[in-house]
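Just so you know, these numbers come straight off a predicted model, no measurement behind them. Throughout, numbering of the chain's residues begins at 1 and tracks the sequence.
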Amino acid sequence: MVPGTGLLPKSLHGSLVKPAIPSKYPTRRLSLPRKCLPRFLSIASLNTARNRETCGLLLGKDKGNKFTVTTLLIPRQHSTSDTCTMDEEELVLQFTEEPSLITLGWLCFLRLSCIHTHPSQSCFMSSVDLHTHSGFQRMLPESFAVVCAPKFSPNFGIFRLTDPPGLQTNLDCNVKEAFHPHPEVPIYRDADKGRVQMKDIPLEILDLR
């Protein structure tokens, strides 16, 4: 099993060893509700006090020339101080495929990104985070990762893998240990420098725990 794939459906784990599909179009901008990060930190506060990570999924809609995050989904999960794994992923699939969302799911309801905490560490992408995110970014080049570090300043970071070389470097990595070094190349970068924009827009929150 590829390390760091706790937030990805099991059916996608094998895709991480295949070459990344190059994007034919420039990546589009994303709108992220301004209230998303403080609300997520509040939801995660109990786990943070216990020194446990918390993870969530950011879902949204394709607006043609951009993506808009509309929903923060907190799946059932189990975690430690430096890992977080989604449980009962069929509940997530039921949410995205239930009758009222079928059209959206087929046409424009997208899993844009993952969000999680580092309860006692600063904002950075660990090797586990990098492998988790490579699956998202391979499927959707615009996807991004949000890392929240409540005890540090700044208390959040918004990241993407570089492409090239970061995305393919992670897809080609077959190290079995969860935490391991990667080649000294620019693996990831900030994604909030104009590409991901905070907006005063509505946010739906669904906690499946």
Side-chain angles (χ1 to χ4, degrees), residues 1-30 32 53-60 62 67 69 73 75 77-87 89-90 92-93 96 109-118 121-149 156-196:
M1 176 177 174
V2 179
T5 54
L7 285 178
L8 289 173
K10 295 180 178 65
S11 60
L12 296 174
H13 288 172
S15 69
L16 298 184
V17 300
K18 300 176 182 178
I21 301 173
S23 176
K24 297 180 181 180
Y25 308 100
T27 54
R28 290 170 280 179
R29 296 182 185 277
L30 297 106
L32 178 66
E53 288 196 359
T54 306
C55 64
L57 296 171
L58 297 174
L59 310 176
D62 185 345
F67 292 103
V69 172
L73 178 65
Q77 56 195 264
H78 65 274
S79 62
T80 67
S81 61
D82 51 21
T83 63
C84 189
T85 302
M86 182 172 68
D87 298 325
E89 63 186 50
E90 63 274 8
V92 175
L93 296 177
T96 58
F109 209 76
L110 302 170
R111 192 171 297 175
L112 294 177
S113 122
C114 60
I115 182 171
H116 71 285
T117 55
H118 281 179
Q121 302 178 70
S122 58
C123 292
F124 68 97
M125 293 277 280
S126 69
S127 57
V128 171
D129 298 336
L130 294 172
H131 279 284
T132 296
H133 187 65
S134 64
F136 286 99
Q137 193 167 321
R138 181 182 184 274
M139 292 184 290
L140 184 69
E142 288 88 351
S143 65
F144 60 97
V146 182
V147 180
C148 298
F156 74 90
I158 303 176
F159 306 112
R160 293 183 70 251
L161 296 173
T162 57
D163 186 19
L167 179 58
Q168 195 62 54
T169 297
N170 276 276
L171 294 175
D172 290 340
C173 179
N174 56 9
V175 178
K176 294 183 179 181
E177 290 77 12
F179 294 97
H180 57 272
H182 283 104
E184 294 186 4
V185 296
I187 296 288
Y188 69 94
R189 61 180 177 82
D190 287 341
D192 60 345
K193 305 302 183 183
R195 187 62 61 185
V196 178

Measuring from atom [atom1] of [X] to atom [atom2] of [Y], what distance do you get when rounded to the nearest 0.5 angstrom?
| X | Y | atom1 | atom2 | result |
| --- | --- | --- | --- | --- |
| R29 | R195 | CZ | CZ | 5.5 Å |
| L30 | L140 | CG | CG | 7.5 Å |
| F124 | L130 | CZ | CG | 9.5 Å |

Any idea which heavy atoms bring [X] and [Y] closest together, and the distance?
| X | Y | answer |
| --- | --- | --- |
| A178 | V128 | O-CG2, 3.4 Å |
| C123 | A149 | SG-CB, 3.6 Å |
| A191 | R160 | CB-CG, 3.3 Å |
| S134 | L167 | O-CD1, 3.7 Å |
| P75 | L73 | CD-O, 3.3 Å |
| C55 | C84 | SG-SG, 3.0 Å |

Non-hydrogen side-chain atoms of [X] and [Y] separated by less than 4.5 Å:
| X | Y | value |
| --- | --- | --- |
| L58 | F136 | no |
| D129 | F159 | no |
| I187 | M125 | no |

Check: How far apart are the C-alpha atoms of N170 and Y188, what are their side-chain angles, what is the distance that settles it, and do they pass the side-chain contact (heavy atoms from CB on, under 4.5 Å) test?
Finding: CA-CA 10 Å; N170 276 276; Y188 69 94; over 6 Å; no
Next item on the list: For the residue pair T80 and D82, confirm or rule out a side-chain donor-acceptor distance under 3.5 Å.
Entry: yes
Check: Residues two or more places apart in sequence or in another chain: which of them pass side-chain hydrogen bond (donor to acceptor under 3.5 Å, both in side chains) with Q137?
Finding: H133
Next item on the list: Under the side-chain contact (heavy atoms from CB on, under 4.5 Å) rule, what do I158 and L32 come out as? Steps first, then yes or no, please.
Entry: CA-CA 11 Å; I158 303 176; L32 178 66; 4.2 Å; yes
Item checked: For H182, ring pair (Phe, Tyr, Trp, His ring centres under 6.0 Å) partners two or more places apart -> H131, H180
